[in-house]
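The first residue of the sequence shown is numbered 1, and numbering continues consecutively from there. Heavy-atom basis, side chains included; hydrogens, waters and symmetry copies ignored. Counting starts at 1 for both ligands and their atoms, in listed order.
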Amino acid sequence: MTRYYSINNYLKKIFNKRVYKVSIDANLGCPNRDGKKAYGGCIYCDKNGSSSRTQEKNLSIRDQVINNILIRKTRYKAKKFICYFQSFTNTYANVDYLKKLYDEAITAHPDIVGLSISTRADSIDEEKVKLIASYRKYLPYVSIELGLQSVHDKTSILTNRHEKFTDFLKALDIINKYKLHSVAHIILGLPNETYDDMIKSADIISKLNLSGIKIHLLTALKNTILEKWYKEDKYIPMQKNKFIEIATDFIERMPKDFIIYRTSGSGYAKDIIAPTYIYDDKFQILNEINNLLIKRNSHQGKLFNIFC
Ligand code: SF4
């Protein structure tokens with residue numbers, strides 16, 4: 001039994017079995033890349049827009065879903081699935097077009113039980129949240145995932161994110177108004193962030209009305225600004241032990257009912273320049289975080305609220 005409340009534990013409680021995500025690339029682009037907000041995107045984002053690249057862009061949404069489900073059924077004997085709009089900014093279009101995409105995904109296979117939309121806070125408004133919330137009529141699990149990465153605006157500027165923490169808070173208020181699952185993505189090891197900066201992020205995030213968090217380790221992918229910084233020694237990847245320690249410190253500060261969606265790096269394995277351990281040791285890292293919690297005689301929530 002893990003000492004943190006993992007997404008697998010949560011989904012098993014709801015569905016009585018493991019539920020698998022199927023990634024979708026809707027080719028929606030991003031306002032932080034196409035000039036509406038900025039050009040070039042976040043320093044760590046590659047041309048695939050933070051995709052796991054398990055899908056092919058030339059496939060329809062329906063075919064991406066069916067192919068991914070088939071792979072998981074064959075490989076893992078999976079029975080239930082969540083459609084996960086993962087790449088780029090998945091609310092960056094008008095509501096009618098978004099509805100068409102989401103409808104196509106959730107009707108592609110009878111074993112779909114959830115819908116998860118990953119996006120930027122500045123690309124969400126009430127009309128879009130209302131649309132996403134409408135899928136609860138058909139699906140037991142519907143969530144919106146927002147890239148926050150850090151609560152510190154100085155980091156957002158340095159990483160070329162072009163969003164403020166207040167943008168995130170405004171979007172979260174709308175999501176909570178419609179009582180949807182809300183997930184914040186955060187990144188550990190961002191340039192110029194000290195240990196205290198990361199722990200401050202943890203303490204602030206722990207007080208928000210969120211369903212859970214995804215903890216990523218900053219990774220330099222091929223053909224990104226971060227790759228250039230890495231080659232120029234302007235970005236030093238976090239050592240594995242340090243990442244495990246800080247991710248564990250982070251989890252200890254989260255309330256017990258926050259779902260921990262993920263604790264690892266992002267990116268397609270072949271595109272990761274550094275640190276490569278994050279891909280090789282993905283499951284080992286999860287075990288090591290749990291082992292460290294055991295060694296500390298600790299658990300998620302142990303340090304929630306006691307320092308502020
Ligand atoms: S907001 Fe997301 S998709 Fe857009 S550039 Fe940043 S990481 Fe990439």
Side-chain angles (χ1 to χ4, degrees), residues 21 23-55 57 61 64 84-93 97-98 101 116-125 128-129 132 143-172 175 182-193 201 213-230 235 237 261-262 264-268 271-274 278-279:
K21 271 189 169 177
S23 292
I24 297 164
D25 184 344
N27 204 13
L28 282 169
C30 173
N32 198 29
R33 303 185 71 97
D34 67 9
K36 186 164 182 205
K37 212 63 194 279
Y39 289 104
C42 306
I43 59 165
Y44 42 79
C45 183
D46 67 4
K47 65 178 171 37
N48 300 302
S50 302
S51 159
S52 63
R53 282 183 27 183
T54 52
Q55 67 285 339
K57 270 198 175 170
I61 301 278
Q64 288 180 42
Y84 180 34
F85 283 78
Q86 178 178 12
S87 309
F88 297 105
T89 302
N90 290 292
T91 52
Y92 190 40
Y97 186 63
L98 292 175
L101 298 179
S116 190
I117 307 292
S118 175
T119 191
R120 280 171 65 91
D122 63 7
S123 301
I124 274 281
D125 58 31
K128 290 172 184 174
V129 175
I132 296 165
S143 72
I144 297 183
E145 302 193 0
L146 295 176
L148 169 62
Q149 323 312 2
S150 163
V151 304
H152 304 290
D153 288 345
K154 64 171 187 176
T155 306
S156 179
I157 294 166
L158 185 65
T159 55
N160 203 42
R161 268 190 54 72
H162 292 276
E163 272 194 321
K164 292 192 168 140
F165 184 47
T166 49
D167 295 326
F168 177 86
L169 295 177
K170 276 183 217 153
L172 186 59
I175 294 167
S182 52
V183 185
H185 289 231
I186 64 106
I187 300 180
L188 299 180
L190 287 161
N192 287 4
E193 285 218 341
S201 279
I213 54 164
K214 274 190 181 175
I215 304 174
H216 302 266
L217 170 67
L218 184 65
T219 44
L221 303 179
K222 264 183 207 160
N223 302 320
T224 59
I225 296 164
L226 198 61
E227 180 192 14
K228 189 167 169 282
W229 288 13
Y230 173 66
Y235 155 61
Y261 280 76
R262 178 184 182 134
S264 67
S266 356
Y268 184 62
D271 291 338
I272 294 175
I273 303 288
I278 198 64
Y279 185 80

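Within ligand 1, counting atoms from 1 as listed, the ones closer than 4.0 Å to a heavy atom of Phe88 are 3 (S). Close contacts of ligand 1 with Gly41, meaning ligand atoms under 4.0 Å from a residue heavy atom, involve 5 (S). Heavy-atom proximity to Arg120, at under 4.0 Å, picks out these atoms of ligand 1: 1 (S).
Sparse packing is recorded around NZ of Lys164, with 12 or fewer heavy atoms of other residues, nucleotides or ligands lying under 6.0 Å away.
For the pair Tyr44 and Leu221, the minimum side-chain heavy-atom distance is 4.5 Å or more.
Checked by atom type, the side-chain pair Gln149/His185 shows no donor-acceptor distance below 3.5 Å. Side-chain atoms of Ser118 and Gln86 include no donor-acceptor pair closer than 3.5 Å.
The distance from atom 4 (Fe) of ligand 1 to the nearest N/O/S atom of Cys30 is under 2.8 Å. Inclusion of Cys42 in the first shell of atom 6 (Fe) of ligand 1 is supported: an N, O or S atom falls under 2.8 Å.
Panel note: side chain Asp153, backbone Phe165; a donor-acceptor pair is recorded below 3.5 Å.
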